[in-house]
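Keep in mind that the numbers below use all heavy atoms, side chains included, and drop hydrogens, waters and symmetry copies.
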Amino acid sequence: MVPAMQVTLLFFAAARERAGTSKETLELPEGATASQAKARALELHPALAPLGPQLRVAVDQAFAEGDAPLREGSEVALIPPVSGGCS
(Lines give C-alpha, C1' and ligand atoms only; values in the text may rest on other atoms or scores of the structure.)
Protein backbone atom coordinates (compact mmCIF):
# COMPACT_ATOMS: atom_id res chain seq x y z
CA MET A 1 0.00 0.00 0.00
CA VAL A 2 1.32 3.43 -0.98
CA PRO A 3 1.56 5.86 1.96
CA ALA A 4 -0.88 8.75 1.64
CA MET A 5 -0.86 12.38 2.65
CA GLN A 6 -3.57 14.98 3.02
CA VAL A 7 -3.49 18.33 1.27
CA THR A 8 -5.99 21.17 1.28
CA LEU A 9 -7.45 22.37 -2.01
CA LEU A 10 -8.47 26.02 -2.14
CA PHE A 11 -10.77 27.22 -4.92
CA PHE A 12 -10.93 30.89 -5.94
CA ALA A 13 -13.36 32.99 -8.00
CA ALA A 14 -14.93 31.04 -10.90
CA ALA A 15 -13.22 27.84 -9.72
CA ARG A 16 -14.99 28.20 -6.36
CA GLU A 17 -18.34 28.73 -8.10
CA ARG A 18 -17.88 25.69 -10.36
CA ALA A 19 -16.61 23.42 -7.56
CA GLY A 20 -19.38 24.54 -5.22
CA THR A 21 -16.92 24.95 -2.36
CA SER A 22 -14.00 27.14 -1.40
CA LYS A 23 -11.98 24.46 0.37
CA GLU A 24 -11.67 20.70 0.70
CA THR A 25 -9.24 18.09 1.94
CA LEU A 26 -7.79 15.68 -0.56
CA GLU A 27 -5.83 12.48 0.02
CA LEU A 28 -2.98 11.86 -2.41
CA PRO A 29 -0.10 9.39 -2.50
CA GLU A 30 3.12 10.58 -0.89
CA GLY A 31 5.29 12.32 -3.45
CA ALA A 32 2.32 13.72 -5.39
CA THR A 33 2.79 16.91 -7.38
CA ALA A 34 0.78 20.07 -7.92
CA SER A 35 -0.43 18.82 -11.31
CA GLN A 36 -1.66 15.58 -9.72
CA ALA A 37 -3.67 17.59 -7.19
CA LYS A 38 -5.13 19.72 -9.99
CA ALA A 39 -6.02 16.61 -12.01
CA ARG A 40 -7.76 15.08 -8.99
CA ALA A 41 -9.73 18.30 -8.43
CA LEU A 42 -10.88 18.19 -12.07
CA GLU A 43 -11.98 14.56 -11.61
CA LEU A 44 -13.92 15.39 -8.44
CA HIS A 45 -15.51 18.52 -9.93
CA PRO A 46 -16.24 17.99 -13.65
CA ALA A 47 -17.69 21.52 -13.90
CA LEU A 48 -14.10 22.79 -13.50
CA ALA A 49 -13.03 21.14 -16.77
CA PRO A 50 -13.61 24.23 -18.99
CA LEU A 51 -11.28 26.21 -16.71
CA GLY A 52 -8.68 23.44 -16.41
CA PRO A 53 -6.15 24.65 -18.99
CA GLN A 54 -6.21 28.21 -17.62
CA LEU A 55 -6.09 27.41 -13.90
CA ARG A 56 -2.95 28.64 -12.17
CA VAL A 57 -1.71 26.57 -9.27
CA ALA A 58 -0.16 27.90 -6.08
CA VAL A 59 1.40 25.65 -3.45
CA ASP A 60 1.68 27.03 0.06
CA GLN A 61 0.91 30.57 -1.13
CA ALA A 62 3.43 30.71 -3.98
CA PHE A 63 2.69 30.14 -7.68
CA ALA A 64 4.10 26.78 -8.69
CA GLU A 65 4.81 24.68 -11.75
CA GLY A 66 2.96 21.40 -12.21
CA ASP A 67 5.91 19.32 -11.08
CA ALA A 68 6.13 21.11 -7.70
CA PRO A 69 6.21 18.47 -4.97
CA LEU A 70 3.56 18.46 -2.27
CA ARG A 71 3.98 17.48 1.37
CA GLU A 72 1.61 16.49 4.14
CA GLY A 73 -0.55 19.53 4.90
CA SER A 74 0.26 21.51 1.73
CA GLU A 75 -2.28 24.04 0.52
CA VAL A 76 -2.94 23.85 -3.20
CA ALA A 77 -4.82 26.84 -4.61
CA LEU A 78 -6.57 26.72 -7.97
CA ILE A 79 -6.80 30.23 -9.38
CA PRO A 80 -8.59 31.04 -12.64
CA PRO A 81 -7.50 33.90 -14.89
CA VAL A 82 -8.55 37.29 -13.64
CA SER A 83 -10.25 39.79 -15.91
CA GLY A 84 -11.94 43.12 -15.54
CA GLY A 85 -10.81 46.16 -13.64
CA CYS A 86 -10.98 49.88 -14.23
CA SER A 87 -9.36 51.86 -16.97
Return the minimal non-hydrogen interatomic distance between [X] and [Y], and the atom names on each side.
X: Val59; Y: Ala64; result: CG2-CB, 3.8 Å
X: Leu70; Y: Ala37; result: CD1-CB, 3.9 Å
X: Ser22; Y: Arg16; result: CB-CD, 3.6 Å
X: Val57; Y: Ala34; result: CG1-CB, 3.8 Å
X: Glu72; Y: Gln6; result: OE1-N, 3.0 Å
X: Pro80; Y: Leu78; result: CD-O, 3.8 Å

Legend entry - Gap separating the NZ atom of Lys23 from the CZ atom of Phe12, nearest 0.5 angstrom: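 The distance works out to 10.0 Å.
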Legend entry - Interatomic distance, Glu17 atom CD to Leu51 atom CG [nearest 0.5 angstrom]: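 The CG atom of Leu51 is 9.5 Å from CD of Glu17, to the nearest 0.5 Å.
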Inset, instruction - Determine, using the 4.5 Å side-chain heavy-atom cutoff (strictly less than), whether Phe63 and Leu55 are members of one ILVMFWY cluster. - result: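 As far as the 4.5 Å side-chain criterion goes, Leu55 and Phe63 are not connected within one cluster.
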Legend entry - Linked, directly or transitively: Leu10 and Leu42 (ILVMFWY side chains, under 4.5 Å):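 Per the 4.5 Å side-chain linkage, Leu10 and Leu42 are not co-clustered.
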Looking at residues at least two apart in the chain, or sitting in another chain, which of them share a salt bridge (Lys or Arg N to Asp or Glu O under 4.0 Å) with [X]?
X: Arg71; value: Asp60
X: Glu43; value: Arg40
X: Arg18; value: none

Legend entry - Side-chain heavy atoms of Met5 within contact of Glu27, under 4.5 Å: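 Not in contact.
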Legend entry - Heavy-atom side-chain contact between Lys38 and Val76 under 4.5 Å: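 A side-chain contact is absent here, since even the closest heavy-atom pair is not under 4.5 Å.
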